[in-house]
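All of these numbers come straight from a predicted model, not from anything done at the bench. In what follows, chains carry the letters A, B, and so on, assigned in the order in which the sequence lines appear, proteins first and then strands, with residues in each chain numbered from 1.
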Amino acid sequence: MGRERGREERDFGPGGDDTDCSILHVDMDAFFASVEVRRHPELRGKPVVVGGTGGRGVVSSASYEARAFGVRSAMPTSRARALCPQAIFIPPDSGAYGEASRAVMAILRDVTPLVEQLSVDEAFLDVAGARRLLGPPAQIAIDLRARIARELQLPCSVGIAPTKFLAKLGSARAKPDGLLLIPRARVLEFLHPLPVSTLWGVGERSAEQLHRVGLRTVGDVAQAPMGLLRSAVGDAAATHLHELASGRDPRPVTTGREEKSVGSETTYDIDVSDHERIKQTMLALSGQVGARLRAAGQSGRTIAIKVRFADFKTINRSRTLPVATDVSQEIFQTAWTLFRALGPTDRIRLIGVRVEGLAGAEGAARQLALGEPERGWREAERAIDAAASRFGRAAVKPASLLKAGDRRRQPDKRAEPDRLDPLSDGFTAS
DNA sequence: TCTGGGGTCCTAGGACCC
DNA sequence: TCTGGGGTCCTAGGACCC
C-alpha cells in the first residue's frame with residue numbers, strides 16, 4: 001500500500017503490486033468549495049465555506065483551510081461561523097457544480113465506459129478492461145488525476161483496490177489531493193484497525209449498537225459471532241457488514257442506475273402555522289417535481305409528502321394512484337389531500353413532496369390514450385414547459401403564486417415561492 | 001451549534017388473494 | 001366451523017449516504 005502526493009512515479013510505477021486491483025474510486029476534494037475557488041482565484045489558500053447562508057443553513061462543502069478550524073460538512077452554518085469567523089461564506093450554486101460534475105464524469109468515461117456515478121462528485125471505475133490500452137490501474141489513476149487537474153483545475157483523490165468498498169476507503173485515506181493503492185495482500189492489515197463507523201452503512205445509530213455489544217473496530221466485526229452481530233444491527237445488515245469487514249464486497253461496478261423517486265422539499269426560515277402558506281408551498285413544490293418528471297420523460301404512481309414540525313419530529317404520508325402521473329396539478333391535489341388529512345398541526349418547519357414508483361412515461365401515455373381528465377392539465381403543463389425552456393421558469397407561473405403586487409410588475413425573484421416552478425392552475429406569462 | 005436537500009434501502013404490519 | 005401459510009402490495013418510519 002502506498003500513499004502518493006506528487007510522488008506517483010516512484011511509488012506506483014508499472015511494477016507496483018496492483019494485481020487484481022481494478023476498481024478505482026475517484027472523489028473530488030471539497031468539491032463545491034474547489035469550484036468556487038476556481039472561479040474566484042483570490043480565494044485560493046483561504047477558508048471557504050459553501051452552504052446555506054440563511055438562518056437555518058448547513059455547510060455543504062468546506063475548503064481544507066476551513067476544515068483546519070473544525071468546520072465540517074452538514075454542520076449548521078452558524079456553528080461554522082463561530083468556529084471560523086474569517087471564512088468566506090458562499091451560497092451554493094448547484095448549476096455550476098452540476099456543470100463541473102459533468103466535465104469530470106466525461107473525463108472518467110473517456111477512460112472506460114464502466115463508470116458508476118455515486119453522486120455529483122464521486123464515481124467508481126472498473127479499469128480491468130482498460131489495462132491493455134492504458135496500462136496498470138495505478139498508472140491509469142495517476143494519469144486521470146493529472147488530467148483532471150490540468151483540464152479542470154480541480155483536485156481529487158483516488159483509491160485503487162480489489163473491491164468498491166476498499167477503493168472508497170483508499171480515496172478517503174488519500175485525501176486531499178492524493179492517491180492510495182490497497183493491494184489484495186494487505187487488505188486486512190489496512191481494514192481491521194479502523195473504527196466500525198468506517199463501514200459503509202454504519203452511521204451514528206448502528207455504531208452505537210455495535211459499541212453496545214463491544215465491537216469497536218472493523219476487525220472486531222470481522223471476528224464477531226454472527227448471532228451477536230445480528231442482535232446489534234439486524235439480519236440483513238449483519239451479513240452485509242460481516243462481508244465488508246472481511247474484505248469481501250462482490251458488488252460489481254454498474255452503469256446506468258435508474259432513478260426511483262423525484263422529490264423537492266423546503267425548510268422555512270421561520271416555522272409556519274398558516275395552512276394557506278403551506279398550500280402555496282406544496283403547489284410550488286409539486287410544480288417543480290412535475291416539471292422534472294416531464295423533462296426526464298418519467299412518471300410515478302405514489303405521491304408522498306413529508307412534514308417536519310418545529311420540534312423536528314418528521315412524518316411521511318403517501319398515496320398510490322391507480323395510474324402513474326407526471327402532472328403537477330395531480331401531484332399537488334394528492335399531496336394537499338394527504339396534508340389536509342393530518343387535521344390541525346403544530347408549527348411546521350419543512351414541507352416536502354416526492355413522487356415514487358417511477359416508470360418510463362408509458363403510464364402517462366396510457367392515461368392520455370384513455371382520455372382521462374388529466375389530459376387537459378398535461379397539455380397545459382407541457383405548454384408551460386415549452387415556454388419556460390424559451391423564456392425561463394420565472395416567466396411563467398401559476399396565477400395563485402403571484403403576489404398582489406406582482407400582477408402589475410415583474411415577479412420578484414427573491415420572494416420564496418417565485419423561485420419555484422410553475423403550476424398550471426391558470427398560469428400567466430410576464 | 002441546532003440541525004439542508006437530494007436521494008436509497010430496510011423493516012414491519014396490515015390488507016388481500018390464493 | 002375454524003383456520004394455515006405464502007406472496008404481493010401498500011403505508012409509515014427510520015437509518016444512512018453525499
Side-chain angles (χ1 to χ4, degrees), chain A residues 25 27-32 49-62 69-85 91-92 94 97-98 101 117-124 164-165 168 171-172 196-210 230 232-241 251 257-269 271 285 288-289 292 300-322 334 338 341-342 349-358 420:
Chain A
H25 181 253
D27 199 354
M28 305 307 291
D29 299 328
F31 184 51
F32 298 174
V49 176
V50 177
T53 47
R56 289 178 160 172
V58 300
V59 173
S60 296
S61 175
F69 291 86
V71 176
R72 297 285 180 273
S73 285
M75 171 183 282
T77 309
S78 55
R79 168 113 173 101
R81 273 189 211 283
L83 287 169
C84 188
S94 57
Y97 313 143
S101 175
Q117 187 173 348
L118 277 187
S119 70
V120 70
D121 70 340
E122 59 178 309
F124 288 115
K164 284 168 127 178
F165 174 55
K168 195 164 160 60
S171 67
V196 289
S197 57
T198 323
L199 292 167
W200 214 352
V202 176
E204 213 175 327
R205 303 309 287 266
S206 308
E208 258 172 46
Q209 297 303 308
L210 292 168
R230 287 200 192 95
V233 298
D235 265 20
T239 309
H240 178 236
L241 294 188
R251 298 168 302 170
R257 274 220 327 252
E258 302 221 329
E259 291 210 307
K260 307 206 163 147
S261 69
V262 170
S264 195
E265 63 186 55
T266 188
T267 296
Y268 296 107
D269 285 339
D271 301 334
L285 293 171
Q288 293 180 325
V289 171
R292 281 168 54 199
R301 280 185 62 207
T302 303
I303 316 297
I305 65 167
K306 172 169 160 184
V307 181
R308 175 167 291 156
F309 298 101
D311 65 359
F312 225 72
K313 179 179 147 62
T314 307
I315 61 169
N316 298 281
R317 292 293 180 268
S318 64
R319 167 173 295 183
T320 300
L321 306 172
T334 310
L338 287 166
L342 298 177
R349 175 188 181 94
L350 170 150
I351 286 289
V353 174
R354 177 166 295 277
V355 175
E356 304 169 347
L358 299 192
L420 306 174

Margin query: Contact list please: residues 308-321 of chain A against DNA chain B, heavy atoms, distance less than 4.0 Å, in numerical order.
Written below: A:Arg308, A:Phe312
Checklist line | Non-neighbouring partners of A:Arg319 that pass salt bridge (charged side-chain N to carboxylate O under 4.0 Å, His left out), sequence neighbours left out | finding: none
Margin query: Are A:His25 and A:Leu118 packed together at the side-chain level, in the sense that at least one heavy-atom pair is separated by less than 4.5 angstrom?
Written below: yes
Next item on the list: Using a 4.0 Å heavy-atom cut-off across all strands, classify A:Ser264 as base, sugar-phosphate, or nothing.
Entry: sugar-phosphate
Checklist line | Strand contacts (DNA chain B) in residues 72-83 of chain A, 4.0 angstrom heavy-atom criterion | finding: A:Ala74, A:Pro76, A:Ser78, A:Arg79
Notebook entry, point to check: How far does the P atom of C:dC16 sit from the matching atom of B:dC2, given to the nearest Å?
Noted result: 24 Å
Next item on the list: State, with a plain yes or no, whether a side-chain heavy atom of A:Ile351 is found less than 4.5 Å away from one of A:Val307.
Entry: yes
Checklist line | Distance in angstrom units between A:Glu265 CD and B:dT3 P, rounded | finding: 15 Å
Next item on the list: Kindly compute the distance separating CD (A:Gln288) from CD (A:Glu265), expressed to the nearest 0.5 Å.
Entry: 11.0 Å
Notebook entry, point to check: Do A:Gln117 and A:Ser101 pass the side chain to side chain contact (heavy atoms under 4.5 Å, CB included) test, and can you show the C-alpha distance, the side-chain angles, and the key distance before you say yes or no?
Noted result: CA-CA 10 Å; A:Gln117 187 173 348; A:Ser101 175; 3.7 Å; yes
Next item on the list: Using the test ring pair (Phe, Tyr, Trp, His ring centres under 6.0 Å), find all partners of A:Phe32 that sit at least two apart in sequence or belong to another chain.
Entry: A:Tyr97
Checklist line | side chain to side chain contact (heavy atoms under 4.5 Å, CB included) assessment of A:Leu83 paired with A:Met75 | finding: CA-CA 11 Å; A:Leu83 287 169; A:Met75 171 183 282; 3.8 Å; yes
Next item on the list: Return the value, rounded to whole Å, for the distance between atom CD of A:Glu208 and atom C1' of C:dG14.
Entry: 14 Å
Check: Base, sugar-phosphate alone, or nothing: which one does A:Leu118 contact when heavy atoms must sit under 4.0 Å apart?
Finding: nothing
Next item on the list: State which residues pass salt bridge (charged side-chain N to carboxylate O under 4.0 Å, His left out) with A:Asp271; sequence neighbours excluded, sorted by chain then number.
Entry: A:Arg56, A:Arg347
Notebook entry, point to check: Should A:Arg56 be listed as having a side-chain N or O under 4.0 Å from OP1 or OP2 of B:dG4?
Noted result: no
Note to self: Assuming nearest nucleotide by heavy-atom distance, tell me which of A:Val262 and A:Arg349 is located more 5' along DNA chain B.
What the structure shows: A:Arg349
Item checked: Interatomic distance where CZ belongs to A:Phe32 and P belongs to C:dC18 [whole Å] -> 13 Å
Margin query: Does B:dG4 have its OP1 or OP2 closer than 4.0 Å to a side-chain nitrogen or oxygen of A:Ser60?
Written below: no
Notebook entry, point to check: Heavy atoms under 4.0 Å, any strand shown: does A:Gly352 hit a base, just sugar-phosphate, or nothing?
Noted result: nothing
Next item on the list: Toss me the dot-bracket line for DNA chain C: Watson-Crick and G-U wobble, both under 3.5 Å, 5' to 3', using | for pairs to another strand and [ ] for crossers.
Entry: ....||||||||||||||
Next item on the list: Measure the distance from CD on A:Glu122 to P on B:dG6 and round it to the nearest whole Å.
Entry: 19 Å
Note to self: List the residues meeting salt bridge (charged side-chain N to carboxylate O under 4.0 Å, His left out) with A:Asp235, not counting sequence neighbours, and say none if there are none.
What the structure shows: A:Arg230
Next item on the list: Check the distance between C:dC17's C1' and A:Lys164's NZ and give it to me in whole angstrom.
Entry: 14 Å
Check: NZ of A:Lys306 to CD1 of A:Ile315: how many Å apart, nearest 0.5 Å?
Finding: 12.0 Å
Next item on the list: Write down the distance separating the P atoms in B:dT3 and C:dC18, rounded off to the nearest Å.
Entry: 23 Å
Notebook entry, point to check: Rounded to the Å, how far apart are A:Phe124 CZ and C:dC17 P?
Noted result: 13 Å
Notebook entry, point to check: Rounded to the nearest 0.5 Å, how far apart are CG of A:Leu210 and CZ of A:Arg205?
Noted result: 13.0 Å
Note to self: Looking at A:Ser119, I'd like to know whether one of its side-chain N or O atoms comes within less than 4.0 Å of OP1 or OP2 on B:dG6.
What the structure shows: no
Notebook entry, point to check: Considering only heavy atoms from C-beta outward, does the side chain of A:Thr53 approach that of A:Arg81 to under 4.5 Å?
Noted result: yes
Checklist line | OG on A:Ser119 to CE on A:Met28, rounded to 0.5 Å | finding: 11.0 Å
Check: According to the interplanar angle, ranging from 0 to 90°, do the rings of A:Phe165 and A:Trp200 count as parallel (below 30°), tilted (30 to 60°) or perpendicular (above 60°)?
Finding: parallel
Note to self: Quick check on contacts: within residues 196-206 of chain A, what sits under 4.0 Å from DNA chain C by heavy-atom distance?
What the structure shows: A:Leu199, A:Trp200, A:Gly201, A:Val202, A:Gly203, A:Glu204, A:Arg205, A:Ser206
Notebook entry, point to check: Taking only residues two or more places apart in sequence or in another chain, which ones pass ring pair (Phe, Tyr, Trp, His ring centres under 6.0 Å) with A:Phe31?
Noted result: none
Is there any protein nitrogen or oxygen under 3.5 Å from a nitrogen or oxygen in nucleotides 9-13 of chain B, and what are the pairs?
from	atom 1	to	atom 2	distance (Å)
B:dC9	OP2	A:Lys260	NZ	3.0

Note to self: So A:Lys306, base contact, sugar-phosphate only, or nothing? Heavy-atom distance under 4.0 Å.
What the structure shows: nothing
Notebook entry, point to check: Taking only residues two or more places apart in sequence or in another chain, which ones pass ring pair (Phe, Tyr, Trp, His ring centres under 6.0 Å) with A:Phe69?
Noted result: none
Next item on the list: Please report, rounded to the nearest Å, how far the P atom of C:dC17 is from the CG atom of A:Leu241.
Entry: 10 Å
Next item on the list: Please list, chain by chain and in numerical order, all residues satisfying side chain to side chain contact (heavy atoms under 4.5 Å, CB included) with A:Thr239, sequence neighbours excluded.
Entry: A:Met226
Check: Tell me: CG of A:Asp271 to P of B:dG4, nearest whole Å?
Finding: 11 Å
